[in-house]
2 protein chains.
Amino acid sequence: MNETLQALAEPNRFKIVELLKKGPLTVGEIADSLHLRQPQVSKHLKVLSEAGLVQVQPEANRRIYKLRAQPFQEFQNWLHSFQQIWEGRLDSLDVYLQKLQNKKKK
Amino acid sequence: MNETLQALAEPNRFKIVELLKKGPLTVGEIADSLHLRQPQVSKHLKVLSEAGLVQVQPEANRRIYKLRAQPFQEFQNWLHSFQQIWEGRLDSLDVYLQKLQNKKKK
DNA sequence: CTAGAATATTCCTAGTTGGTAATATTTGAA
DNA sequence: TTCAAATATTACCAACTAGGAATATTCTAG
């Protein structure tokens with residue numbers, strides 16, 4: 001989960017992921033699209049790969065990269081755990097202030 | 001969006017967000033729970049605040065921090081844009097290989 | 001008004017990381 | 001087998017940042 005976040009937090013890696021949403025691409029195509037140097041793209045893809053966000057399929061001397069579904073789904077699950085919060089406890093601040101008051105009076 | 005990711009990518013800030021899911025807390029309470037020093041917690045909260053992930057409510061000489069819904073919702077929207085992908089194009093790799101073949105034969 | 005608690009800020013340092021350049025590796029084609 | 005294209009790897013540097021220590025600020029209580 002945290003590895004996923006760290007991988008996505010880098011702006012160029014985020015752009016790479018956005019690109020791959022449209023479909024699989026080779027390293028060179030990504031470099032061209034984003035105006036990045038090839039070694040940098042390879043390094044970013046390595047990070048994304050180690051985080052499990054992309055998978056690679058060798059094809060001749062090209063490497064075709066594509067997104068993997070799982071980490072994004074786990075991400076959604078995590079975000080889902082927030083949803084209840086905004087509903088059930090719309091603003092528990094008042095409750096909290098009560099709690100503080102009680103402590104003070106102990 | 002990217003600021004949100006960068007804020008969440010730091011492990012201790014992630015823990016702070018997880019803590020705040022259970023309800024608003026003061027700086028000191030966060031520091032105690034996570035075994036962090038107060039200045040560090042203040043600094044992390046500043047980053048989270050500037051990213052719009054938390055909001056603060058001064059109460060005497062305490063500052064009560066709580067999560068803000070919006071950035072998490074935007075996050076969900078972003079992730080939602082992936083959902084169609086795993087369905088419609090389950091594995092467009094074959095299609096892509098066709099494309100490569102065509103280019104080669106041009 | 002003073003003391004102390006809670007929090008923010010500043011300065012410094014060490015570790016991390018993105019970018020570049022150069023090089024190595026792999027593969028198809030001549 | 002030799003060349004060129006595509007990609008990965010390495011070494012290096014500059015920039016960023018988290019952590020720690022010290023200090024400043026704000027507020028309450030007495």
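Note on naming: letters A, B, ... go to the chains in the order of the sequence lines (proteins, then strands), and numbering restarts at 1 for each one. Here the structure is a predicted model, which is why all the values come from computation and not from measurement.
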Rounding to an integer number of Å, can you tell me how far [X] [atom1] sits from [N] [atom2]?
| X | N | atom1 | atom2 | answer |
| --- | --- | --- | --- | --- |
| A:Tyr65 | D:dT7 | OH | P | 9 Å |
| A:Ile64 | D:dA8 | CD1 | C1' | 17 Å |
| B:Asn61 | D:dT25 | CG | P | 16 Å |
| A:Glu59 | C:dT27 | CD | C1' | 12 Å |
| B:Arg37 | C:dC12 | CZ | P | 21 Å |
| A:Ile16 | D:dT7 | CD1 | P | 13 Å |
| A:Asp32 | D:dT7 | CG | C1' | 13 Å |
| B:Arg62 | D:dT25 | CZ | C1' | 17 Å |

Can a side chain N or O of A:Thr26 be found less than 4.0 Å away from OP1 or OP2 on D:dT7? yes
Between [options], which nucleotide has the shortest distance from any of its atoms to the side chain of [X]?
| X | options | result |
| --- | --- | --- |
| A:Val27 | C:dT7, D:dT26, D:dT7 | D:dT7 |
| A:Pro39 | C:dA5, D:dG20, C:dA21 | C:dA21 |
| B:Ala60 | C:dG28, D:dC27, D:dA8 | D:dC27 |

In B/S/- notation (B base, S sugar-phosphate only, - none; protein heavy atoms under 4.0 Å), nucleotides 11-18 of chain D written 5' to 3' is B------S
Single hit among A:His80, A:Gln83, A:Gln76 for side chain to side chain donor-acceptor pair (under 3.5 Å) with B:Gln76: A:Gln83
Ignoring hydrogens and angles, tell me if any N or O in the side chain of B:Arg68 forms a donor-acceptor pair with the backbone of B:Leu53 under 3.5 Å. no
For B:Gln40 and B:Arg37, indicate whether the former's side chain and the latter's backbone hold a donor-acceptor pair under 3.5 Å. no
Listed by chain and number, what are the side-chain contact (heavy atoms from CB on, under 4.5 Å) partners of B:Ile30, not counting sequence neighbours? B:Ile16, B:Leu19, B:Leu20, B:Leu25, B:Leu34, B:Val41, B:Leu45
In Å, rounded to the nearest 0.5 Å, how long is the span from CG of B:Leu67 to CD of B:Glu18? 9.5 Å
Looking at D:dA8, does its base get a donor-acceptor pair with the side chain of A:Gln38 below 3.5 Å? yes
If you apply the rule side chain to side chain contact (heavy atoms under 4.5 Å, CB included), what do you find for A:Gln57 with A:Arg63, and how did you get there? CA-CA 6 Å; A:Gln57 158 126 6; A:Arg63 306 272 177 115; over 6 Å; no
Would you mind writing out the side-chain donor-acceptor pairs for residues 1-15 of chain B within the sub-3.5 Å range, not counting sequence neighbours?
| from | atom 1 | to | atom 2 | distance (Å) |
| --- | --- | --- | --- | --- |
| B:Glu10 | OE1 | B:Asn12 | N | 2.9 |
| B:Glu10 | OE1 | B:Arg13 | N | 3.1 |
| B:Arg13 | NE | B:Ala7 | O | 2.8 |
| B:Arg13 | NH1 | B:His44 | ND1 | 3.2 |
| B:Arg13 | NH2 | B:Gln6 | O | 3.4 |

